[in-house]
> 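Shown below is the structure under consideration.
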There are 2 protein chains.
Amino acid sequence: MSDYERTCMIRGDGGRTIRTILDRICDKWTLLIVATLDEQRLRFTDLHRQVPGISQRMLTLTLRNLERDGLVSRTAYAEVPPRVEYALTATGRSLIAPALALAGWAIEHISHIEASRTAYEASARKPSAAQPD
Amino acid sequence: MSDYERTCMIRGDGGRTIRTILDRICDKWTLLIVATLDEQRLRFTDLHRQVPGISQRMLTLTLRNLERDGLVSRTAYAEVPPRVEYALTATGRSLIAPALALAGWAIEHISHIEASRTAYEASARKPSAAQPD
DNA sequence: CTGCATCCTGTGAGATACTG
DNA sequence: CAGTATCTCACAGGATGCAG
(Lines give C-alpha, C1' and ligand atoms only; values in the text may rest on other atoms or scores of the structure.)
Protein backbone atom coordinates (compact mmCIF):
# COMPACT_ATOMS: atom_id res chain seq x y z
CA MET A 1 0.00 0.00 0.00
CA SER A 2 1.39 3.41 -0.94
CA ASP A 3 1.65 6.30 1.48
CA TYR A 4 -0.99 8.06 -0.51
CA GLU A 5 -3.40 5.18 -0.21
CA ARG A 6 -2.65 5.00 3.49
CA THR A 7 -3.62 8.59 4.16
CA CYS A 8 -6.71 8.14 2.06
CA MET A 9 -7.76 5.53 4.58
CA ILE A 10 -7.77 8.20 7.24
CA ARG A 11 -9.22 10.96 5.13
CA GLY A 12 -11.61 8.49 3.60
CA ASP A 13 -15.14 9.75 3.62
CA GLY A 14 -14.17 13.11 4.95
CA GLY A 15 -12.81 11.40 8.01
CA ARG A 16 -16.09 9.88 9.07
CA THR A 17 -14.71 6.39 9.62
CA ILE A 18 -11.66 7.40 11.55
CA ARG A 19 -13.67 9.91 13.50
CA THR A 20 -16.15 7.24 14.48
CA ILE A 21 -13.45 5.19 16.05
CA LEU A 22 -11.74 8.19 17.59
CA ASP A 23 -14.99 9.28 19.15
CA ARG A 24 -15.16 5.78 20.54
CA ILE A 25 -11.77 5.56 22.19
CA CYS A 26 -10.97 9.18 22.90
CA ASP A 27 -13.45 9.81 25.63
CA LYS A 28 -10.70 9.92 28.20
CA TRP A 29 -11.36 6.55 29.81
CA THR A 30 -12.25 4.00 27.15
CA LEU A 31 -8.77 2.97 26.17
CA LEU A 32 -7.68 2.80 29.78
CA ILE A 33 -10.58 0.54 30.66
CA VAL A 34 -9.98 -1.69 27.67
CA ALA A 35 -6.33 -2.01 28.61
CA THR A 36 -7.26 -2.76 32.20
CA LEU A 37 -9.72 -5.45 31.18
CA ASP A 38 -7.21 -7.11 28.90
CA GLU A 39 -6.41 -10.54 30.26
CA GLN A 40 -8.73 -10.26 33.25
CA ARG A 41 -12.38 -10.28 34.14
CA LEU A 42 -13.22 -7.62 36.68
CA ARG A 43 -16.22 -6.55 38.63
CA PHE A 44 -17.32 -3.00 38.92
CA THR A 45 -15.59 -2.10 42.15
CA ASP A 46 -12.31 -3.78 41.19
CA LEU A 47 -12.34 -1.95 37.90
CA HIS A 48 -13.02 1.24 39.76
CA ARG A 49 -9.97 0.62 41.89
CA GLN A 50 -7.70 -0.35 39.02
CA VAL A 51 -8.47 2.72 36.93
CA PRO A 52 -7.13 5.50 39.10
CA GLY A 53 -8.98 8.77 39.04
CA ILE A 54 -12.15 7.63 37.31
CA SER A 55 -15.46 8.50 38.91
CA GLN A 56 -18.23 5.98 39.33
CA ARG A 57 -20.31 7.92 36.91
CA MET A 58 -17.74 7.86 34.13
CA LEU A 59 -16.96 4.22 34.76
CA THR A 60 -20.63 3.37 34.38
CA LEU A 61 -21.08 5.48 31.29
CA THR A 62 -17.93 4.24 29.60
CA LEU A 63 -18.73 0.61 30.32
CA ARG A 64 -22.18 1.13 28.90
CA ASN A 65 -20.78 2.50 25.69
CA LEU A 66 -18.27 -0.30 25.44
CA GLU A 67 -20.98 -2.85 26.05
CA ARG A 68 -23.22 -1.23 23.49
CA ASP A 69 -20.46 -1.33 20.89
CA GLY A 70 -19.71 -4.95 21.62
CA LEU A 71 -16.23 -4.32 22.94
CA VAL A 72 -16.98 -5.40 26.48
CA SER A 73 -19.29 -8.08 27.80
CA ARG A 74 -21.28 -7.57 30.98
CA THR A 75 -22.30 -10.54 33.09
CA ALA A 76 -24.62 -10.01 36.03
CA TYR A 77 -24.97 -12.76 38.61
CA ALA A 78 -28.24 -13.03 40.48
CA GLU A 79 -26.61 -13.15 43.85
CA VAL A 80 -26.67 -11.30 47.10
CA PRO A 81 -24.80 -9.09 47.18
CA PRO A 82 -25.06 -8.39 43.46
CA ARG A 83 -22.06 -9.20 41.33
CA VAL A 84 -21.33 -7.97 37.83
CA GLU A 85 -18.30 -8.93 35.83
CA TYR A 86 -16.88 -7.16 32.83
CA ALA A 87 -14.61 -8.69 30.26
CA LEU A 88 -13.33 -7.87 26.81
CA THR A 89 -14.95 -9.44 23.80
CA ALA A 90 -12.88 -10.59 20.86
CA THR A 91 -13.49 -7.26 19.18
CA GLY A 92 -12.41 -5.46 22.32
CA ARG A 93 -9.21 -7.46 22.50
CA SER A 94 -8.46 -6.68 18.88
CA LEU A 95 -8.34 -3.00 19.76
CA ILE A 96 -5.33 -3.53 21.97
CA ALA A 97 -2.84 -3.95 19.14
CA PRO A 98 -3.58 -0.76 17.19
CA ALA A 99 -3.87 1.12 20.46
CA LEU A 100 -0.41 -0.15 21.25
CA ALA A 101 0.90 1.24 17.98
CA LEU A 102 -0.32 4.63 19.09
CA ALA A 103 1.05 4.24 22.58
CA GLY A 104 4.38 3.24 21.11
CA TRP A 105 4.41 6.36 18.98
CA ALA A 106 3.56 8.43 22.01
CA ILE A 107 6.36 6.97 24.09
CA GLU A 108 8.81 7.38 21.25
CA HIS A 109 7.96 10.98 20.46
CA ILE A 110 6.64 12.41 23.68
CA SER A 111 9.97 13.90 24.71
CA HIS A 112 10.41 15.53 21.32
CA ILE A 113 6.92 16.95 21.48
CA GLU A 114 7.40 18.23 25.00
CA ALA A 115 10.66 19.88 23.97
CA SER A 116 9.03 21.44 20.93
CA ARG A 117 6.25 22.76 23.12
CA THR A 118 8.67 24.29 25.57
CA ALA A 119 10.68 25.88 22.79
CA TYR A 120 7.52 27.21 21.18
CA GLU A 121 6.30 28.71 24.40
CA ALA A 122 9.68 30.29 25.04
CA SER A 123 10.10 31.90 21.63
CA ALA A 124 6.41 32.39 21.05
CA ARG A 125 5.00 35.51 19.55
CA LYS A 126 3.43 36.89 22.65
CA PRO A 127 0.81 39.49 21.67
CA SER A 128 1.80 42.11 24.22
CA ALA A 129 3.71 40.32 26.94
CA ALA A 130 7.38 41.03 26.35
CA GLN A 131 10.37 38.98 27.44
CA PRO A 132 11.03 39.00 31.19
CA ASP A 133 14.38 40.69 30.71
CA MET B 1 6.66 -8.54 23.98
CA SER B 2 3.86 -10.31 25.81
CA ASP B 3 0.26 -9.22 25.74
CA TYR B 4 0.56 -8.32 29.38
CA GLU B 5 3.53 -6.07 28.75
CA ARG B 6 1.67 -4.50 25.86
CA THR B 7 -1.29 -3.46 27.92
CA CYS B 8 1.04 -2.18 30.58
CA MET B 9 2.31 0.24 27.97
CA ILE B 10 -1.14 1.71 27.76
CA ARG B 11 -1.96 1.55 31.43
CA GLY B 12 1.56 2.60 32.23
CA ASP B 13 1.63 5.51 34.63
CA GLY B 14 -2.07 5.42 35.18
CA GLY B 15 -2.55 6.20 31.50
CA ARG B 16 -0.72 9.50 31.56
CA THR B 17 1.47 8.80 28.54
CA ILE B 18 -1.24 7.42 26.33
CA ARG B 19 -3.59 10.13 27.47
CA THR B 20 -1.09 12.78 26.53
CA ILE B 21 -0.98 11.58 22.99
CA LEU B 22 -4.71 10.99 22.83
CA ASP B 23 -5.35 14.51 24.01
CA ARG B 24 -3.09 15.55 21.17
CA ILE B 25 -4.77 13.75 18.30
CA CYS B 26 -8.31 13.37 19.52
CA ASP B 27 -9.44 16.94 19.26
CA LYS B 28 -11.64 16.09 16.34
CA TRP B 29 -9.50 17.63 13.60
CA THR B 30 -5.84 16.95 14.29
CA LEU B 31 -5.62 13.55 12.68
CA LEU B 32 -7.61 14.70 9.70
CA ILE B 33 -5.31 17.64 9.15
CA VAL B 34 -2.21 15.52 9.54
CA ALA B 35 -3.56 13.05 7.01
CA THR B 36 -4.45 15.86 4.64
CA LEU B 37 -0.99 17.38 4.89
CA ASP B 38 0.68 14.07 4.23
CA GLU B 39 2.55 14.25 0.94
CA GLN B 40 1.56 17.83 0.23
CA ARG B 41 2.28 21.37 1.32
CA LEU B 42 -0.87 23.41 1.60
CA ARG B 43 -1.77 26.97 2.35
CA PHE B 44 -4.44 27.94 4.77
CA THR B 45 -7.32 28.28 2.36
CA ASP B 46 -6.49 25.10 0.47
CA LEU B 47 -6.34 23.22 3.72
CA HIS B 48 -9.64 24.75 4.71
CA ARG B 49 -11.15 23.46 1.50
CA GLN B 50 -9.64 19.97 1.76
CA VAL B 51 -10.86 19.37 5.31
CA PRO B 52 -14.61 19.44 4.88
CA GLY B 53 -16.63 20.87 7.70
CA ILE B 54 -13.87 22.53 9.65
CA SER B 55 -14.29 26.15 10.67
CA GLN B 56 -11.58 28.74 10.21
CA ARG B 57 -11.32 29.00 13.94
CA MET B 58 -10.73 25.30 14.51
CA LEU B 59 -8.32 25.11 11.59
CA THR B 60 -6.29 27.92 13.07
CA LEU B 61 -6.32 26.49 16.56
CA THR B 62 -5.48 22.98 15.45
CA LEU B 63 -2.66 24.15 13.23
CA ARG B 64 -1.31 26.20 16.10
CA ASN B 65 -1.23 23.19 18.37
CA LEU B 66 0.37 21.04 15.70
CA GLU B 67 2.99 23.69 15.07
CA ARG B 68 3.64 24.06 18.76
CA ASP B 69 4.13 20.32 19.14
CA GLY B 70 6.48 20.21 16.19
CA LEU B 71 4.22 18.07 14.04
CA VAL B 72 3.57 20.72 11.42
CA SER B 73 5.80 23.45 10.05
CA ARG B 74 4.44 26.86 9.18
CA THR B 75 6.10 28.99 6.52
CA ALA B 76 4.92 32.55 5.97
CA TYR B 77 5.96 34.37 2.81
CA ALA B 78 6.25 38.13 2.97
CA GLU B 79 4.17 38.69 -0.13
CA VAL B 80 1.07 40.47 -1.21
CA PRO B 81 -1.35 38.86 -0.88
CA PRO B 82 -0.02 37.00 2.15
CA ARG B 83 0.84 33.35 1.72
CA VAL B 84 1.37 30.77 4.43
CA GLU B 85 2.20 27.18 3.78
CA TYR B 86 1.80 24.27 6.13
CA ALA B 87 3.63 20.97 5.88
CA LEU B 88 4.29 17.96 8.04
CA THR B 89 7.55 17.65 9.88
CA ALA B 90 9.32 14.29 10.16
CA THR B 91 7.63 13.76 13.51
CA GLY B 92 4.28 14.60 11.99
CA ARG B 93 4.81 12.12 9.19
CA SER B 94 5.74 9.44 11.70
CA LEU B 95 2.28 9.74 13.19
CA ILE B 96 0.69 8.51 9.98
CA ALA B 97 1.65 4.87 10.46
CA PRO B 98 0.20 4.31 13.94
CA ALA B 99 -2.82 6.36 12.97
CA LEU B 100 -3.24 3.99 10.07
CA ALA B 101 -3.21 1.04 12.42
CA LEU B 102 -6.12 2.60 14.19
CA ALA B 103 -7.92 3.50 10.99
CA GLY B 104 -7.44 -0.05 9.79
CA TRP B 105 -8.99 -1.37 12.95
CA ALA B 106 -11.87 1.03 12.56
CA ILE B 107 -12.53 -0.03 8.99
CA GLU B 108 -12.30 -3.67 9.90
CA HIS B 109 -14.62 -3.52 12.88
CA ILE B 110 -16.90 -0.60 12.21
CA SER B 111 -19.65 -2.73 10.73
CA HIS B 112 -19.54 -5.09 13.68
CA ILE B 113 -19.68 -2.17 16.08
CA GLU B 114 -22.55 -0.55 14.24
CA ALA B 115 -24.42 -3.84 14.26
CA SER B 116 -23.79 -4.31 17.94
CA ARG B 117 -25.04 -0.82 18.59
CA THR B 118 -28.20 -1.38 16.63
CA ALA B 119 -28.82 -4.66 18.40
CA TYR B 120 -28.20 -3.05 21.74
CA GLU B 121 -30.55 -0.21 21.04
CA ALA B 122 -33.20 -2.62 19.84
CA SER B 123 -33.08 -4.99 22.79
CA ALA B 124 -32.11 -2.33 25.27
CA ARG B 125 -33.62 -2.12 28.67
CA LYS B 126 -35.66 0.96 28.14
CA PRO B 127 -36.59 2.43 31.55
CA SER B 128 -40.24 3.01 30.77
CA ALA B 129 -40.57 2.97 27.02
CA ALA B 130 -41.92 -0.42 26.08
CA GLN B 131 -41.58 -2.24 22.79
CA PRO B 132 -43.41 -0.64 19.84
CA ASP B 133 -45.66 -3.65 19.62
C1' DC C 1 -22.40 -4.04 45.65
C1' DT C 2 -23.89 -1.85 41.53
C1' DG C 3 -25.60 1.82 39.31
C1' DC C 4 -28.68 5.79 38.13
C1' DA C 5 -30.41 10.86 38.78
C1' DT C 6 -29.40 15.51 39.76
C1' DC C 7 -26.81 19.60 40.04
C1' DC C 8 -22.94 22.37 38.57
C1' DT C 9 -18.88 23.86 36.13
C1' DG C 10 -15.26 24.13 32.46
C1' DT C 11 -14.27 23.56 28.00
C1' DG C 12 -14.97 22.34 22.94
C1' DA C 13 -16.56 24.20 19.06
C1' DG C 14 -19.86 26.69 15.66
C1' DA C 15 -21.31 31.34 13.74
C1' DT C 16 -20.27 35.75 12.84
C1' DA C 17 -17.82 39.92 12.22
C1' DC C 18 -13.57 42.41 12.11
C1' DT C 19 -8.15 43.36 11.06
C1' DG C 20 -3.42 43.41 8.68
C1' DC D 1 -5.42 35.78 1.98
C1' DA D 2 -4.82 34.61 6.70
C1' DG D 3 -6.09 35.00 10.54
C1' DT D 4 -8.26 37.16 15.44
C1' DA D 5 -12.13 38.31 18.70
C1' DT D 6 -16.51 37.59 20.78
C1' DC D 7 -20.75 35.43 21.70
C1' DT D 8 -23.13 31.46 22.35
C1' DC D 9 -24.55 26.80 23.13
C1' DA D 10 -23.92 21.92 24.07
C1' DC D 11 -21.77 18.52 26.28
C1' DA D 12 -18.07 16.15 29.10
C1' DG D 13 -17.30 15.17 33.46
C1' DG D 14 -16.88 15.81 38.84
C1' DA D 15 -19.59 15.62 43.36
C1' DT D 16 -23.21 14.05 45.76
C1' DG D 17 -27.21 11.47 47.04
C1' DC D 18 -30.56 7.81 46.29
C1' DA D 19 -32.30 2.95 44.84
C1' DG D 20 -32.45 -2.10 43.81
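Numbered from 1 within each chain, the chains take letters A, B, ... in sequence-line order. The figures here come from the full heavy-atom set of this structure, side chains too, leaving out hydrogens, waters and symmetry mates. These numbers come from a predicted model, not from an experiment.
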> Compute whether any side-chain donor of one residue and acceptor of the other, for Asn65(A) and Thr62(A), lie under 3.5 angstrom apart.
no
> Rounded to whole Å, please give me the gap between CG in Leu42(A) and P in dC1(C).
15 Å
> Nearest whole Å is fine: how far is dG3(D) C1' from Glu85(B) CD?
16 Å
> Which listed nucleotide (dT2(C), dA2(D), dG14(C)) is nearest to the side chain of Phe44(A)?
dT2(C)
> Is Arg43(B) touching bases, backbone alone, or none of the nucleic acid, heavy atoms closer than 4.0 Å?
sugar-phosphate
> Whole Å only: how far is the CG atom of Leu61(B) from the P atom of dG3(D)?
11 Å
> To the nearest Å, give me how far apart NE2 (His48(A)) and P (dC1(C)) are.
12 Å
> Name the closest nucleotide to the Pro81(A) side chain, picking from dA13(C), dC1(C), dG3(D).
dC1(C)
> Do any side-chain nitrogens or oxygens of Arg64(A) fall under 4.0 Å of OP1 or OP2 in dC4(C)?
yes
> Given atom CG of Leu32(B) and atom C1' of dA13(C), what is their separation to the nearest angstrom?
15 Å
> Output yes when at least one side-chain N/O atom of Thr60(B) is less than 4.0 Å from OP1 or OP2 of dG3(D), else no.
no
> Could you check whether Tyr86(B) gets within reach of a base, just the sugar-phosphate, or nothing at all, counting any heavy atom under 4.0 Å?
sugar-phosphate
> Search all heavy atoms of Pro98(B) against all heavy atoms of Ala101(A) and return the closest pair with its distance.
CB-O, 3.6 Å
> Find the distance Arg74(B):CZ to dG3(D):C1' and express it as a whole number of Å.
9 Å
> How many Å lie between CD on Glu79(A) and P on dC1(C), as a whole number?
14 Å
> Report yes if a side-chain nitrogen or oxygen of Ser55(B) is closer than 4.0 Å to either non-bridging phosphate oxygen (OP1 or OP2) of dA15(C); otherwise report no.
no
> State whether Arg93(B) and Glu39(B) are salt-bridged, where the test is any N-O pair (Lys NZ or Arg NE/NH1/NH2 against Asp/Glu carboxylate O) under 4.0 Å.
no
> Name the closest nucleotide to the Arg57(A) side chain, picking from dT6(D), dA15(D), dA2(D).
dA15(D)
> For Lys28(B) and dT11(C), is the shortest distance between a side-chain N/O and OP1 or OP2 below 4.0 Å?
no
> Is the phosphate of dA2(D) approached by Arg83(B) (side-chain N or O, under 4.0 Å from OP1 or OP2)?
no
> Any salt bridge linking Glu85(B) with Arg43(B)? Criterion: basic side-chain nitrogen under 4.0 Å from a carboxylate oxygen.
no
> If I take atom CD in residue Gln56(B) and atom C1' in nucleotide dC18(C), what distance separates them, rounded to the nearest angstrom?
12 Å
> Is it the case that the side chains of His112(B) and Thr91(A) hold a donor-acceptor pair, with the cut-off being a distance below 3.5 Å and no angle test?
yes
